[in-house]
Amino acid sequence: MGIPVKPRAPAALHNGSAVPLSDIPILSIDTLRRTVIEGVAGGSELVSFFAVPRARGRFLLLAVLSEPQAAVLRVAASTVKEGWKSLTPECEAAQLFEREMAEQYGLVPDGHPWLRPVRFQPPMPGARPGGAGHATAGVARPLIGDAPFFRVRGEEVHEVAVGPVHAGVIEPGHFRFQCHGEEVLHLEISLGYQHRGVEALLVGGPHKRSLPIAETLAGDTSVAHATAYCELVESLGGTQAPPRALALRAIALELERVANHVGDLGALAGDTGFLPTASWCGRIRGDVLNLTALICGNRFGRGIVKPGGVGFDLDERREMMLAERVRTVTRDAAGAIDLLWKTPSVIARFEGTGSLTAQAARSIGLTGPSARACGVARDVRQDHPSGLWRFVQIPASTWKTGDVFARAYVRALEVQRSLAFVQEQLASLPAGDVRVPVRPLVRGAIAFGLAEAWRGAVCHTALTDARGRFSRYKVVDPSFRNWLGLALALRGQQVSDFPLCNKSFNLSYCGHDL
């Protein structure tokens with residue numbers, strides 16, 4: 001009688017770490033399925049799931065699970081040549097990842113409920129309207145706007161279509177409401193109109209364009225994406241950014257969070273017709289953006305985070321100016337936001353609108369303030385600390401009602417705590433260098449970079465080839481995972497609730513399209 005062979009377990013890695021790809025055990029596809037499904041059911045979070053082309057028509061599947069209790073990332077891998085039994089019926093968080101792989105490589109997961117396109121492709125020369133679109137790896141993608149929609153049947157059911165061209169200076173996205181009277185039964189969201197292929201552009205890097213591409217994955221999340229990218233590159237090069245640089249990165253990240261949260265709170269006030277907070281927050285958001293510009297010369301933080309550290313330092317005069325302006329912003333933001341909670345008409349409009357349960361948030365893999373507003377305390381800064389977050393913490397801001405009020409209140413808490421954190425760091429900035437050289441990247445490795453952006457977890461994963469160059473680069477922006485949350489929040493609501501619900505999530509089109 002032979003000795004039973006113990007199945008290989010998924011690798012346990014840390015944020016900002018790099019290991020040889022050969023250290024990742026290759027599991028059977030059934031074991032990978034079970035690992036992901038049981039992991040998510042047990043409280044883990046599926047932060048990335050993607051395919052890597054291999055020789056002879058095979059593909060390496062990589063699933064990255066966040067296990068916050070142990071502060072590790074569990075990486076499960078398997079090789080396939082065709083599709084597999086879909087995870088989606090048992091793990092809703094996998095549905096968009098599986099649709100993406102079917103679209104990219106023709107890997108069709110058997111039993112997926114609906115492999116609707118994730119992103120569109122521009123038409124090929126001579127392509128017919130409604131015909132096949134651009135082919136990627138031999139798989140035809142639909143032309144722009146040519147996608148099926150779920151329809152609710154019934155004599156009194158009607159559709160309301162919005163977009164993709166909107167009445168504002170925003171990016172394109174199409175929303176189709178299935179309604180009975182004013183009640184929304186189902187909202188179908190169609191994105192991908194601006195698919196740029198940025199993951200393919202990062203392959204072969206790092207090169208001069210790599211960091212600018214990372215910074216513009218989602219323009220209002222430049223610091224978070226640049227941080228995730230740089231920590232990944234540093235881990236592959238065995239480089240540690242200096243303490244002063246880590247502090248400046250964290251300050252820039254929190255200023256980015258504050259600017260966007262303040263802007264969202266003002267916009268939410270505007271959607272209820274409450275102009276005092278709307279006006280004040282519009283001005284305060286500009287003040288916060290100017291704080292970032294004081295550090296690096298760019299209001300969106302481009303150029304501040306660099307591999308090996310930061311691109312700009314603060315002299316004593318600018319440190320003092322920054323500290324004084326942060327105190328002013330703290331006072332002004334508190335006053336403007338406090339008006340919301342003291343206005344019954346605003347609270348009545350916020351409470352009970354667009355509610356999501358904690359169970360729904362966990363099931364679909366919601367992330368960031370939208371998840372924390374449901375009582376799901378997920379935060380990369382605490383769950384997978386890297387950089388300065390290994391030494392300092394900001395308490396996770398949560399609420400439990402999962403409605404527009406909760407999403408607004410969580411933002412207000414984060415504004416308060418992030419500004420206090422910035423003041424503390426400015427009062428105790430370490431001395432020393434702000435940047436060190438980055439050594440060449442290790443060959444044949446895999447690395448991860450996670451950051452808590454203002455919308456939620458940003459996840460960058462890179463594989464290097466025999467030359468130490470990126471052979472596959474995968475980005476997951478929080479909007480990729482959160483758009484479904486908006487669709488679920490609209491069920492049972494009035495059509496007129498959509499602007500308020502939409503702004504309470506404030507998701508990125510380009511962050512999804514990539």
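Residues: numbered from 1 along the sequence shown. What you see is a predicted model; the values in this text were computed from it and never measured.
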List the atom of [X], the atom of [Y], and the distance in Å for their closest heavy-atom pair.
X	Y	answer
Ala18	Ala447	CB-CB, 3.8 Å
Pro478	Ala457	CD-O, 3.4 Å
Val438	Gly308	CG2-N, 3.5 Å
Arg249	Cys230	NH2-CB, 3.8 Å
Lys306	Leu211	CD-CD2, 3.8 Å
Arg407	Thr353	NH2-O, 4.0 Å

Count the heavy atoms of every other residue, nucleotide or ligand shown that sit under 6.0 Å from [atom1] of [X], and state whether that count exceeds 12.
X	atom1	value
Gln359	CD	no
Glu183	CD	yes
Arg390	CZ	yes

May I have the list of side-chain donor-acceptor pairs in residues 412-419 shorter than 3.5 Å, sequence neighbours left out?
unit_1: Glu414; atom_1: OE1; unit_2: His261; atom_2: NE2; d: 2.8
unit_1: Glu414; atom_1: OE2; unit_2: Arg372; atom_2: NE; d: 3.0
unit_1: Glu414; atom_1: OE2; unit_2: Arg372; atom_2: NH2; d: 2.7
unit_1: Arg417; atom_1: NH1; unit_2: Ser397; atom_2: OG; d: 2.9
unit_1: Ser418; atom_1: OG; unit_2: Glu254; atom_2: OE1; d: 2.6
unit_1: Ser418; atom_1: OG; unit_2: Glu414; atom_2: O; d: 2.9

Check: [X] ring centre within less than 6.0 Å of [Y] ring centre:
X	Y	value
His512	Tyr193	no
His186	Phe150	yes
Phe405	Trp341	yes

Between Phe470 and Val233, is the side chain to side chain contact (heavy atoms under 4.5 Å, CB included) condition met? List the steps. CA-CA 10 Å; Phe470 298 144; Val233 169; 4.1 Å; yes
Between [Y] and [X], is there a side-chain heavy-atom distance shorter than 4.5 Å?
X	Y	answer
Thr88	Pro109	no
Asn506	Trp454	yes
Val40	Leu65	yes
Phe498	Leu187	yes
Leu463	Val52	yes
His384	Ser66	yes
Phe350	Leu268	yes
Leu490	Phe175	no

Mind checking whether [X] and [Y] have parallel, tilted or perpendicular rings, split at 30° and 60°?
X	Y	answer
Tyr509	Trp483	tilted
Tyr473	Tyr229	tilted
Phe480	Phe97	tilted

Does the distance from a Lys or Arg side-chain N to an Asp or Glu carboxylate O, for [X] and [Y], drop under 4.0 Å?
X	Y	value
Arg74	Glu38	no
Glu452	Arg378	no
Arg411	Asp264	yes
Arg116	Glu188	yes
Arg455	Asp220	yes
Lys474	Glu100	yes

Donor-acceptor pair, side chain of [X] and main chain of [Y], under 3.5 angstrom:
X	Y	result
Asp465	Gly468	yes
Ser17	Leu13	no
Glu256	Val223	yes
Ser28	Thr31	yes
Thr357	Ala360	yes
Ser78	Ile29	yes
Asp383	Asp379	yes
Ser222	Glu215	yes
Thr464	Val442	yes
Glu103	Arg119	yes

State the [atom1]-[atom2] distance between [X] and [Y], to the nearest 0.5 angstrom.
X	Y	atom1	atom2	answer
Leu450	Thr227	CG	OG1	12.0 Å
His14	Leu73	NE2	CG	8.5 Å
Leu356	Arg362	CG	CZ	12.5 Å

Under 3.5 Å, is there a donor-acceptor pair linking the side chains of [X] and [Y]?
X	Y	value
Thr401	Asp403	yes
Ser386	Asn15	yes
Arg99	His112	no
Trp84	Glu98	yes

Side chain to side chain contact (heavy atoms under 4.5 Å, CB included) evaluation trace for Leu62 with Phe49: CA-CA 6 Å; Leu62 284 164; Phe49 186 27; over 6 Å; no
Measure from NZ or CZ of Arg54 to the centre of the six-membered ring of Phe59, then state whether that distance is under 6.0 Å and the direction lies within 45° of the axis. no
Does Arg481 form a side chain to side chain contact (heavy atoms under 4.5 Å, CB included) with Val47? I'd like the steps, not just the answer. CA-CA 9 Å; Arg481 296 160 56 189; Val47 295; 4.0 Å; yes
Passes salt bridge (charged side-chain N to carboxylate O under 4.0 Å, His left out), Arg58 versus Glu82? Steps please. CA-CA 8 Å; Arg58 301 189 71 84; Glu82 299 175 339; over 6 Å; no
Check the pair Trp389 / Phe421 against ring-ring contact (aromatic ring centres under 6.0 Å, His included), numbers first and verdict last. CA-CA 11 Å; Trp389 307 113; Phe421 168 84; 5.0 Å; yes
Side chain to side chain donor-acceptor pair (under 3.5 Å) involving Gln425 - partner list, sequence neighbours excluded: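 For Gln425 there are no side chain to side chain donor-acceptor pair (under 3.5 Å) partners, ignoring immediate neighbours.
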Might you work through the side chain to side chain contact (heavy atoms under 4.5 Å, CB included) test for Ser44 and Leu46, ending with a clear yes or no? CA-CA 7 Å; Ser44 295; Leu46 183 62; over 6 Å; no
